[in-house]
Amino acid sequence: MTDTPGQAPAQARLLLGLGVLLFAIGQSLTFIIVTPLARQVGFTPESFGIALTLASLPLIFGAPYWGKRSDVIGRKPVFLIGITGAAIGTLLVALVLQLGVSGILTGFWLLVLFAVVRASYGAAASAIYPAATAYMVDVTDIQNRGRGLAIIGAANGMGSVLGPVLAGVLAFFGPLVPMYVAAAIGIGGAVMAWFLLQEPVRHADPRSKVAMKLNDRRLRPFLIMWFGFFLTFMALQIILSFYLQDEYGVTDPKTLVRQSSLMLISMASMIVVVQIGVLQAIKVKPQTLLRLLGPFFVLALIIIGNAPNLVVMAIGFGVLGISFACANPGINGSASLCVEPWEQGATAGFLGAGNTLGAILGPIVGTQIYTHVGHHGPMIVGAIGLSALSIYAFTIKVPDISGGGSSRRPPIPATSAAGQPAAT
């Protein structure tokens with residue numbers, strides 16, 4: 001991998017990608033391994049969804065906090081905190097589940113302990129995406145912004161592939177072995193980043209006196225996009241194992257893990273193909289990707305909800321992967337063009353809060369719809385919501401980047417909490 005003008009250094013791209021990949025492995029294992037074990041350790045779908053929702057609350061505050069901290073203390077320190085915390089958190093979640101599988105701790109207190117360690121994991125791991133995204137924006141010009149952020153998305157997709165692969169291969173040695181292995185790999189990744197990742201030149205401007213707020217009008221459209229996208233995605237992901245059990249009769253825990261893995265592998269493989277293959281070969285404007293993610297998501301939900309067999313269902317998850325491949329460079333790439341260079345860390349953090357809020361509500365919304373509306377309810381409601389989001393995407397204005405290669409865009413005034421241009 002060579003360096004080209006306007007792109008991030010090859011070593012930085014590899015290390016940032018590795019960190020995001022390790023984080024994605026841990027995330028995918030949570031749903032590939034933890035969800036199938038939920039009923040085995042005594043969790044109902046509703047109690048598990050509520051616990052996972054409550055455990056994700058620290059992510060809302062964590063992503064904006066770490067994004068702002070990366071603007072102050074640097075991208076590298078925050079990135080290191082994130083991948084180290086993700087590795088340790090994965091280990092702790094595995095140990096808690098081991099207590100449940102062994103029968104040492106069950107019922108309510110197991111659920112509480114799971115929520116606590118999962119919350120601790122999220123508080124630290126939420127540093128990864130804001131730091132990695134802001135780092136990539138720092139070291140790419142606007143012509144290569146979509147390509148740079150596609151690397152972050154591709155690493156996420158590749159981690160989502162490797163997570164299920166780890167689960168499928170290592171689960172034969174025990175259902176929690178993949179989580180222990182992922183934790184060990186995560187520590188190794190943190191050590192590599194500590195010694196090899198270089199801090200980029202930060203775009204700090206002493207003349208900038210305005211602190212970005214969550215209700216900044218420049219961020220609002222992209223927060224809405226991330227929220228709607230992740231609310232639907234997490235609702236679908238959390239009910240996947242239950243759906244396979246109830247609709248297809250897959251009840252054996254190991255078989256359930258393997259079938260869930262195959263669905264997510266199909267999705268993640270398409271993410272990698274699009275983001276590493278298509279988007280690295282062809283320059284696609286972030287705004288174009290922003291407008292494509294919704295229609296592909298709707299199509300995926302229609303296929304998944306009407307799949308006559310698991311093969312067709314896997315195809316639906318592949319189409320979902322195309323939507324996911326458009327999301328990160330489309331939403332974050334467009335947002336990065338609407339703010340100042342010194343606001344990139346804060347922007348990445350707030351956008352992380354947007355998708356986190358969707359991810360937090362997704363489990364409880366998904367399980368409630370699944371229980372009270374019906375097994376196909378999450379797909380039907382999701383398709384309606386994403387159709388509306390697709391229309392909304394065409395109303396979002398993004399600065400045109402077709403005319404130059406500068407890393408700067410025409411300045412857009414920062415706004416106060418009231419949404420008015422701030423005084424300088």
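Residue numbers count from 1 along this sequence.
The closest side-chain donor-acceptor pair between D246 and Y370 falls under 3.5 angstrom. At a cut-off of 3.5 Å, with distance as the only test, no side-chain donor of Y135 or Q198 sits close to an acceptor on the other residue.
Between F227 and G358, the closest heavy-atom pair is CD1-N, 3.5 Å. Contact detail for I238 and G362: the closest heavy-atom pair is CG2-O, 4.3 Å. G67 and P130 make their closest contact through CA-CB, 3.8 Å (heavy atoms, listed as atom of the first residue, atom of the second, distance). When all heavy atoms are compared, the tightest approach of A131 to F79 is CB-N, 3.7 Å. Closest approach of G366 to P378, counting heavy atoms only: O-CG, 3.9 Å. Pairing each heavy atom of M379 with each of L236, the nearest pair is SD-CD1, 3.7 Å.
A 4.5 Å side-chain heavy-atom check between I25 and I185 finds every atom pair outside the cut-off. Between P329 and P286, every side-chain heavy-atom pair lies at or beyond the 4.5 Å cut-off. Using a 4.5 Å cut-off on side-chain heavy atoms (C-beta onward), Y121 and V117 make no contact. At least one side-chain heavy atom of F233 sits under 4.5 Å from a side-chain heavy atom of L320. Proximity of L219 to V339: side-chain heavy atoms (C-beta onward) are separated by under 4.5 Å at one or more points. Side-chain contact check for Q259 versus Y248: every heavy-atom pair is 4.5 Å or farther apart. When side chains are defined from C-beta on, I380 does not count as touching L301, because their heavy atoms never get closer than 4.5 Å. Contact check for L293 versus L289: no side-chain heavy atoms found under the 4.5 Å cut-off.
If you look at Y243 and H376, their ring centroids are closer than 6.0 Å. Not less than 6.0 angstrom separates the ring centroid of W226 from the ring centroid of F222. A centroid separation of less than 6.0 Å is found between the aromatic rings of F229 and F324.
In terms of modelled atom types and a separation under 3.5 Å, the side chain of T84 and the main chain of I81 share no donor-acceptor contact. Checking side-chain atoms of E199 against main-chain N and O of K76 turns up a donor-acceptor pair under 3.5 Å. Between the side chain of S266 and the backbone N or O of L262 there is no donor-acceptor pair closer than 3.5 Å. Here the side chain of T371 pairs no donor or acceptor atom with the backbone of Q368 at under 3.5 angstrom. Between the side chain of Q287 and the backbone N or O of A393 there is no donor-acceptor pair closer than 3.5 Å. Remark: side-chain polar atoms of S334 are not paired, donor with acceptor, to backbone N or O of I331 under 3.5 angstrom. Remark: side-chain polar atoms of T288 are not paired, donor with acceptor, to backbone N or O of V284 under 3.5 angstrom. The backbone N or O of V116 lies less than 3.5 Å from a partner atom in the side chain of S120, making a donor-acceptor pair. A distance-only check finds no donor-acceptor pair linking the side chain of W66 to the backbone of G82 [under 3.5 Å]. Between the side chain of S70 and the backbone N or O of R75, no donor-acceptor pair lies under 3.5 Å.
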Test side chain to side chain contact (heavy atoms under 4.5 Å, CB included) on K285 and V398 and set out the steps.
CA-CA 10 Å; K285 291 182 180 181; V398 179; over 6 Å; no

Audit row: I271, I322, side chain to side chain contact (heavy atoms under 4.5 Å, CB included) steps and yes/no
CA-CA 6 Å; I271 294 174; I322 299 176; over 6 Å; no

Under the side chain to side chain contact (heavy atoms under 4.5 Å, CB included) criterion, do M192 and L197 qualify, and how do the steps go?
CA-CA 8 Å; M192 288 179 61; L197 186 65; over 6 Å; no

Derivation of the side chain to side chain contact (heavy atoms under 4.5 Å, CB included) call for I304 and M263
CA-CA 10 Å; I304 293 169; M263 298 303 155; over 6 Å; no

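By the neighbour-count criterion of 12 heavy atoms within 6.0 Å, atom OH of Y180 is densely surrounded, having more than that number from other residues, nucleotides or ligands.
Here I187 contributes atom CD1 and T90 contributes atom OG1; the two are 9.5 Å apart, rounded to the nearest 0.5 Å. Rounding to the nearest 0.5 Å places CE of M179 at 9.5 Å from CG of L95. Separating the CZ atom in R220 from the CZ atom in F350 is a distance of 13.0 Å, to the nearest 0.5 Å. Residue L351 holds its CG atom at 5.0 Å from CG of N332, rounded to the nearest 0.5 Å. Rounding to the nearest 0.5 angstrom, the gap separating the CG atom in L389 from the CD1 atom in I384 is 14.0 Å. Rounded to the nearest 0.5 Å, atoms CZ (R291) and SG (C326) are 13.5 Å apart.
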